[in-house]
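Every value quoted in this text rests on a predicted model; they were computed, and no experiment measured them.
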Amino acid sequence: MIPVLSNILGDRTGGTVFKCFEIWHLLYIGVTAAVIAAVLLLLRRRSLEAKEKAQRLFIDAAFGLYMLDFFLMPFAYGEIDVEKLPFHVCTAMCIGCFVTRHVKALNGMRVHFALLGFISNLVYLVYPAGVMWHGVSPFSYRVIQTLTFHGIMTVYGLITLVYNRESLRFRYLYRDLILIAGMTLWALLGNFLYSSSLRPYKAVYNWFFVTGDPFGILPAETAVWVMPLVNVALFFAVAAGIYCIFAAVRKAGKQSRN
């Protein structure tokens with residue numbers, strides 16, 4: 001059974017290789033966009049309960065896919081990939097979105113986790129360098145699982161923002177700043193614990209890109225101090241921009257009704 005699973009889930013090499021912005025990557029983006037359009041169209045005149053159920057369906061699917069991956073990675077890669085621990089913003093927001101969706105006391109943070117999850121997963125879906133670098137077939141488990149996960153999280157994030165848009169008011173923007181800062185501290189903790197020189201083997205991680213510049217522009221000794229601040233500023237600016245978009249939509253809606 002183990003050899004069969006390893007053969008099915010293992011990286012496929014030779015032939016077509018997954019590359020960013022080529023046909024298979026564009027197909028994943030197109031499918032995600034089509035799912036978003038279909039969900040918004042199907043739920044346009046449905047009840048609030050139906051919309052809530054759709055949101056739960058997508059976050060439950062993303063969380064289940066993420067948890068299942070830890071059980072399948074040993075067959076696919078021969079080990080559990082430490083890189084997939086929830087210290088990257090995409091995976092951390094999956095857990096955060098799942099918890100805020102199912103724990104009533106945290107419902108007030110639901111849309112804020114969804115917003116950060118939407119931003120981060122959309123960025124990865126548009127530029128999935130993490131799977132491209134492996135040079136494997138677009139039909140490999142590694143590619144299918146990773147892009148499907150980020151696609152589902154992108155769908156969940158957007159429909160949650162659309163159906164909870166009243167929560168995206170500027171008086172609540174401070175919550176996003178707190179969440180982004182908290183995510184940065186969480187990633188710093190993960191990088192310290194798993195990249196520490198005290199570990200018996202040498203491993204260097206850069207979760208949430210807070211300990212090094214992913215583009216290699218900043219010197220390493222500078223990036224370790226600058227990148228945490230850059231991340232907070234950049235993600236907060238994007239979040240504020242999305243708040244502005246929803247504010248403009250609300251304003252346009254009021255004007256059309258008058």
Side-chain angles (χ1 to χ4, degrees), residues 20-21 25-66 86 88-102 106-128 130 144-170 172-173 175-177 179-180 183 208 234-253:
C20 292
F21 310 117
H25 177 210
L26 296 177
L27 181 61
Y28 276 107
I29 295 176
V31 169
T32 302
V35 171
I36 291 173
V39 170
L40 294 176
L41 183 63
L42 289 172
L43 295 177
R44 184 176 55 175
R45 300 185 185 280
R46 299 293 297 275
S47 66
L48 180 61
E49 182 181 357
K51 293 172 181 177
E52 286 286 317
K53 187 178 293 185
Q55 294 168 63
R56 287 196 302 270
L57 175 65
F58 277 101
I59 193 55
D60 289 351
F63 183 77
L65 193 63
Y66 179 56
H88 265 314
V89 62
C90 298
T91 50
M93 289 305 105
C94 174
I95 296 175
C97 288
F98 181 81
V99 171
T100 55
R101 177 63 58 179
H102 291 280
L106 298 175
N107 281 358
M109 289 298 294
R110 178 187 297 174
V111 72
H112 305 288
F113 274 91
L115 175 58
L116 187 54
F118 169 70
I119 295 170
S120 57
N121 282 277
L122 178 62
V123 168
Y124 191 93
L125 189 65
V126 171
Y127 186 61
I144 295 172
Q145 191 279 336
T146 304
L147 292 186
T148 301
F149 169 80
H150 286 84
I152 293 174
M153 282 297 298
T154 300
V155 175
Y156 168 77
L158 184 58
I159 65 174
T160 298
L161 297 180
V162 170
Y163 297 138
N164 297 270
R165 52 181 172 268
E166 291 304 314
S167 297
L168 291 175
R169 294 187 177 275
F170 289 106
Y172 300 126
L173 188 55
R175 295 179 181 176
D176 298 274
L177 180 59
L179 178 58
I180 296 167
M183 179 64 229
F208 200 28
L234 182 60
F235 275 89
F236 183 67
V238 175
I242 293 176
Y243 271 72
C244 290
I245 292 173
F246 276 90
V249 170
R250 283 193 298 269
K251 184 177 180 180

How long is the straight-line distance from [atom2] of [Y] back to [atom1] of [X], given to the nearest 0.5 Å?
X	Y	atom1	atom2	answer
H150	T146	NE2	OG1	7.0 Å
F98	M153	CZ	CE	12.0 Å
L40	I159	CG	CD1	7.5 Å
I180	I119	CD1	CD1	6.5 Å
F58	C97	CZ	SG	13.5 Å

If you take all heavy atoms of [X] and [Y], which pair is closest and at what distance?
X	Y	result
H102	D60	NE2-OD1, 2.7 Å
L116	M93	CD2-SD, 3.7 Å
A114	T160	CB-CG2, 3.6 Å
C94	I59	O-CD1, 3.9 Å
L125	P128	O-CD, 3.7 Å
V89	S120	CG1-CB, 3.3 Å

Q: Would you list the pairs meeting salt bridge (Lys or Arg N to Asp or Glu O under 4.0 Å) in which at least one residue belongs to residues 117-126, sequence neighbours left out?
A: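 As it turns out, there is no salt bridge (Lys or Arg N to Asp or Glu O under 4.0 Å) pair with a partner in residues 117-126 once direct neighbours are skipped.
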**Q.** Any pair counted as salt bridge (Lys or Arg N to Asp or Glu O under 4.0 Å), so long as it reaches residues 108-117, sequence neighbours left out
**A.**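 The answer is E52-R110.
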Could you work out, with side chain to side chain donor-acceptor pair (under 3.5 Å) as the rule, every residue matching [X], not counting sequence neighbours?
X	answer
D176	H112, Y243
H88	E83
E166	R169
R175	none

Flag side-chain contact, heavy atom, 4.5 Å: [X] against [Y]:
X	Y	value
F21	Y127	yes
Y172	V111	no
L48	Y163	no
Y66	P86	yes

**Q.** Parallel, tilted or perpendicular: ring planes of F235 versus F208, cut at 30 and 60 degrees
**A.**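 Ring orientation of F235 relative to F208: tilted.
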